[in-house]
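Have a look at the structure below before the remarks.
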Amino acid sequence: MSVVVEIYTDGACSGNPGPGGWGVWLKSGGAVRELCGGEPSTTNNRMELKAVIEALRALKQACQVELYTDSQYVQKGIQEWIHGWLRNGWKTAARQTVKNVDLWQSLLTETQRHHINWHWVRGHNGNDGNERADRLAREGLKQALA
């Protein structure tokens, strides 16, 4: 895994639920790639997850990934909560089905071939990568509205 990729992801929603978008800014060496998309009816948390899933799917080979998200839901979910969900058959401690289980399962699958360091960054705080991902998520939202 010699290829190092820096990834910033973000999700956006107009209403929650409502139309939403996701954005991804990837950087490796001197190469930069931007991705975005949207859905007509979704939630902010689903778009945050979708951004990370699409970012990892875009990688053509196993990579060392430095992944930055402003979503504590995504960061804590993948680093802390998912272990209990797996133990409990995708149920929460309250014995409820995990929300967005389809996306969490997809994310877990996508993480298997990479070595990922997860980083939480404060959103809308001047971080260039996060600001770029936010702009892309808003572009994805526009696409969902079109």
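Atom set for the values below is all heavy atoms of this structure, side chains included, hydrogens, waters and symmetry mates excluded.
- Ring planes of Y8 and Y68: parallel class, angle under 30° (limits at 30 and 60°).
- Contact annotation: the side chain of L86 never approaches that of W81 to less than 4.5 Å [non-hydrogen atoms, C-beta and beyond].
- Side chain of W22 to backbone of E48: no donor-acceptor contact under 3.5 angstrom is found.
- Using a 4.5 Å heavy-atom cutoff, the side chains of E39 and K50 are in contact.
- Side-chain contact between K27 and V5 is absent, with no heavy-atom pair separated by less than 4.5 Å.
- Between the CE atom of M47 and the OG1 atom of T9 there is a distance of 12.0 Å, given to the nearest 0.5 Å.
- Taking CG of D134 as the start and CH2 of W25 as the end, the distance is 14.0 Å to the nearest 0.5 Å.
- Both I53 and L108 are assigned to one and the same hydrophobic cluster, defined by single-linkage of ILVMFWY side chains at heavy-atom distances under 4.5 Å.
- Put simply, the side chain of S41 never gets that close to the backbone of P19: no donor and acceptor are under 3.5 Å apart.
- Connection of W120 to W118 is not established within any shared hydrophobic cluster, with ILVMFWY side chains joined at heavy-atom distances below 4.5 Å, either directly or through further cluster members.
- Note: the hydrophobic cluster containing L67 does not contain V121 (ILVMFWY, side chain heavy atoms under 4.5 Å, direct or indirect links).
- Between L103 and L107 the shortest side-chain heavy-atom distance does not fall below 4.5 Å.
- Here the side chains of T109 and R57 are not in contact, with every heavy-atom distance at 4.5 Å or above.
- From R138, atom CZ reaches atom CG of L136 across 9.5 Å, with rounding to the nearest 0.5 Å.
- Summarising the geometry, atom OG belonging to S71 is positioned 7.0 Å from atom CG belonging to L49; distances are rounded to the nearest 0.5 Å.
- Residues L35 and V32 fall into different hydrophobic clusters, defined by Ile, Leu, Val, Met, Phe, Trp and Tyr side chains chained together at heavy-atom separations under 4.5 Å.
- The minimum heavy-atom distance linking T43 with P17 is given by the pair CG2-CB, 4.1 Å.
- With hydrogens and angles ignored, the 3.5 Å screen pairs a side-chain donor or acceptor of E131 with a backbone N or O of G126.
- The closest side-chain heavy-atom distance from N117 to Q64 is below 4.5 Å.
- Although no hydrogens or angles enter the test, the distance criterion places no donor-acceptor pair under 3.5 Å between the side chain of S14 and the main chain of G18.
- Annotation: the span from T69 atom OG1 to D10 atom CG amounts to 7.0 Å, rounded to 0.5 Å.
- A distance-only check finds a donor-acceptor pair linking the side chain of N127 to the backbone of N130 [under 3.5 Å].
- When all heavy atoms are compared, the tightest approach of H83 to I78 is NE2-O, 4.4 Å.
- Looking at heavy atoms from C-beta onward, L59 lies out of side-chain contact with V3 at the 4.5 angstrom threshold.
- S28 places no side-chain N or O within 3.5 Å of a backbone atom of A31 that could act as its donor or acceptor partner.
- There is no side-chain donor-acceptor pair under 3.5 Å between Y73 and N44.
- Between G38 and A144, the closest heavy-atom pair is C-CB, 3.9 Å.
- When all heavy atoms of A51 and G23 are compared, the closest pair comes out as CB-O, 3.7 Å.
- Minimum heavy-atom separation, K91 to T97: NZ-OG1, 3.1 Å.
- Between H119 and the options Q75, E6, E66, a side-chain hydrogen bond (donor to acceptor under 3.5 Å, both in side chains) holds for only E66.
- Annotation: the span from W90 atom CH2 to I82 atom CD1 amounts to 4.0 Å, rounded to 0.5 Å.
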